[in-house]
Structures are given as C-alpha cells and as structure tokens.
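Lettering follows sequence order; numbering is per chain, from 1. Computation of the quantities below employed the complete heavy-atom set of this structure, encompassing side-chain atoms and omitting hydrogens, waters and symmetry-equivalent molecules. None of the values given here were measured: they were computed from a predicted structure.
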Number of protein chains: 2
Amino acid sequence: MPARNTVQRSIIEDELRRLANHPTADEVYEAVRAEHPSIGKATVYRTLNLLSDEGEIGRVRINNGADRFDHQAFAHYHVRCVECGRVDDVMIALLDEGVNEAAAEASGYQILGHTLQFDGVCPVCRAGEKNDGASTA
Amino acid sequence: MPARNTVQRSIIEDELRRLANHPTADEVYEAVRAEHPSIGKATVYRTLNLLSDEGEIGRVRINNGADRFDHQAFAHYHVRCVECGRVDDVMIALLDEGVNEAAAEASGYQILGHTLQFDGVCPVCRAGEKNDGASTA
DNA sequence: CTTAATGCAAAATCTTTGCACCGGA
DNA sequence: TCCGGTGCAAAGATTTTGCATTAAG
C-alpha cells in the first residue's frame, strides 16, 4: 500500500494519541504546530484522512461542524454534550447484529455498519447549571 | 412556537415537505428559488435552522458534507449510501430506552437522545455493481 | 407603530487542492 | 534515483452574519 513512513506522520499520530480525547483536525494541527512549527495544516488534514481511511484511527462526525478524530480504531459509540460540544466515548456493548439486518430489510440497502451517537449534557455542564433554563455562555 | 408567521416560512416548509426526501439546505433553497426567485439563501438556512430547533422538522448530519433536512419530525433512523450519498429512512423499531440508560451510566452524561445512522449501499448502486465477488472486507 | 424577519453579499468555518521542492525506500 | 509526501497559500464548499428595508401582529 501507500504509506511512506514520514516523520510528520508519526508526529501527527503521536499527537492524536496524546490528545486522547476527540480533537478536531484543527486542534491536532495546533498541537502539532506548537512543537513542530514547520508542519503544514494540509499535511495534518491529509494524514488524518489517510489514517482514518486505513483504519488506523477513527473519525467521528459530529453535529457541530468539524470532524473529530479518535485514536481508538475499534468500533465504539460516542456522546456529545449539547452545551459545550465536548465528545466522549460511550463504552457500552455494541448493538446486536440483528439491528443491521432489520435495517437492511426495512430499507433495501446492503448494510455495512452503523453509527450510534448520543446527545446529552456532560457532568461539567450539568454542574454549571444547577438551576435550569437559560443557558448562558 | 414560531415567532412570526411569514410567507417565506411556509413556502420553505412546504417545499421541504414536497421534496419529501432528505434535501440539503441548498437543495431546498434551489427548489424554493425556482418558484420564488426573491427569497434569499440566508432566509432558507435561517428558517431551516429555526424549524429544526423548534422540532418542526428533523436534521440529519451526513458524512459527505452538507446537512440534510427531514420533513418528518418524529424520531426515526437513517441510512446513507456510501456510493451515491443518498439518504433514506430506516423504519425499524426505536432502540430500547435501556440503551440510553446504559449510555448515561457509562458516560456520566445526562442522555437526551440518540442518533442511529446506518451506512450501506442502496439498491440502485448495488444494481450498478452487479459483480461484487464477495470481496467485502 | 414595533420590531422580528428578510434579502443581499460579505465573512466565517472547515477542508481540499495546485504546485514546487524535499526526503524515504 | 524515483515518486510519494510536504508546505504554503489559494480555492472550494457550506453556513452564518451585518445592515438597511419590509412586513407581521
């Protein structure tokens, strides 16, 4: 396959693992640039795309705009805070295969997989709005 | 509740219902503009956002770029064709509430809801690539 | 009459691409 | 050597915003 083992590539992969959470491509870029100012944004985007295509890393598409990348390649679910936009892992059992089969029957599609994303309020934001109502930033 | 009942608003809502499928904001805009050339793109985007915030319509975020809007407000799932990008409804039973509860426990979030999106190949695209050779990795 | 909603275009986001040069295998 | 990778900036795609004007209530 492709993949030439460049320095940039491991730097980016490293940084992603270090950020550990679910950074956007731009956040990875900023982090990388902090230590290696000469690395270009395009390289970060290209590399992240490459890695996720290869299955080395995961990509989480969130309702808030930017894609986020996940250092964990194996399938798992995510939850997004509707208040602050943070994204965390949801380590619950994967849905039964029967769900995919039911979807195939209901839609006529050949189902390749699924994505389950939860929406909620993270512990921090819950604490911050003890009261309720008006979400003031 | 809607704030002000403008003509544009019902035109846009109407058009969305007529398109029926899962058009992007831009597709709605084009359709609306065909009959009402004076309506601006920003109004379409603003109205679509407004309606989905109000829960009048649904919003589906897809992996291929633009958001799509759904004239059906009630919760249901979607499948996206990885070949052509088409989006269709998947009318299967909603996941058990237990899933949300499990997610809440696993993440510490207060879970408000979830989104389940399937990826697959639509009937049309499957027909177009008859020979598959079972090489689906 | 009041003021939210509209329309237009410019601005803001996020991501990809063209091109010349560089470095890994 | 050879050609994919890189860096830079400009181009693309999508969505939002500022502001004067219009129209709903």
Side-chain angles (χ1 to χ4, degrees), chain A residues 1-16 19 22-54 56-70 80 84-87 137, chain B residues 1-16 19 22-54 56-70 80 84-85 87:
Chain A
M1 275 299 296
R4 200 171 274 192
N5 227 46
T6 64
V7 213
Q8 287 85 346
R9 186 157 167 155
S10 37
I11 289 175
I12 292 169
E13 210 168 339
D14 261 24
E15 203 56 57
L16 176 63
L19 291 176
H22 300 86
T24 61
D26 212 68
E27 285 166 351
V28 174
Y29 167 58
E30 290 300 338
V32 163
R33 193 173 60 154
E35 294 176 48
H36 307 269
S38 66
I39 293 184
K41 178 185 288 194
T43 299
V44 174
Y45 274 85
R46 272 187 293 232
T47 303
L48 252 17
N49 281 343
L50 192 59
L51 290 172
S52 70
D53 282 353
E54 287 172 0
E56 294 281 317
I57 65 176
R59 172 195 295 243
V60 196
R61 188 148 247 257
I62 296 300
N63 211 333
N64 215 16
D67 278 12
R68 287 163 180 282
F69 292 87
D70 194 330
R80 161 181 155 273
C84 68
R86 187 197 322 280
V87 172
Chain B
M1 264 288 289
R4 210 170 267 202
N5 227 51
T6 64
V7 221
Q8 288 84 347
R9 185 157 170 153
S10 37
I11 288 175
I12 292 168
E13 210 169 338
D14 262 25
E15 201 56 57
L16 176 62
L19 291 177
H22 300 85
T24 61
D26 211 68
E27 284 165 353
V28 175
Y29 168 58
E30 291 300 337
V32 163
R33 194 174 58 155
E35 293 176 50
H36 308 269
S38 67
I39 292 185
K41 179 185 287 194
T43 299
V44 173
Y45 274 84
R46 272 187 294 231
T47 303
L48 253 17
N49 280 343
L50 192 60
L51 290 172
S52 70
D53 281 354
E54 286 172 1
E56 295 281 318
I57 65 176
R59 172 195 294 242
V60 196
R61 187 149 244 255
I62 297 301
N63 211 336
N64 215 16
D67 278 12
R68 288 163 180 282
F69 293 88
D70 193 330
R80 160 181 154 273
C84 68
V87 172

Discussion item. Under 4.0 Å, counting only non-hydrogen atoms across every strand here, what does S38(A) touch: a base, just sugar-phosphate, or nothing?
Written reply: sugar-phosphate

Practice prompt. Would you indicate, yes or no, if dT16(C) has its OP1 or OP2 atom less than 4.0 angstrom from a side-chain nitrogen or oxygen of Y45(A)?
Written response: no

Item to complete: For R59(B) and dT14(D), give me the distance from atom CZ to atom P, rounded to whole Å.
Response: 15 Å

Fill in: Closest listed nucleotide, where the reference is the side chain of T47(B) and the choices are dT6(C), dA5(C), dT15(D)
dT6(C)

Worksheet item: What nucleotide among dC8(D), dG7(C), dT17(D) has an atom nearest to a side-chain atom of A42(A)?
Response: dC8(D)

Fill in: Polar side-chain contact R46(B)-dG7(C) base: donor and acceptor under 3.5 Å
yes

Worksheet item: Name the one of N49(A), D53(A), D70(A) that satisfies side chain to side chain donor-acceptor pair (under 3.5 Å) with R59(A)?
Response: N49(A)

Discussion item. Counting only side-chain nitrogens and oxygens, does N49(A) get under 4.0 Å of the OP1 or OP2 atom of dT16(C)?
Written reply: yes

Discussion item. Tell me whether the side-chain N/O atoms of Q8(B) come closer than 4.0 Å to OP1 or OP2 in dG7(C).
Written reply: yes

Discussion item. Reading DNA chain D from 5' onward, which residue's closest nucleotide shows up sooner: K41(A) or K41(B)?
Written reply: K41(A)

Worksheet entry | Gap between atoms OH and C1', on Y29(A) and dA9(D) respectively (whole Å) | 11 Å

Item to complete: For R9(A) and dC22(C), give me the distance from atom CZ to atom P, rounded to whole Å.
Response: 23 Å

Worksheet entry | Residue-phosphate contact under 4.0 Å: T43(B) side-chain N/O, dA5(C) OP1/OP2 | no

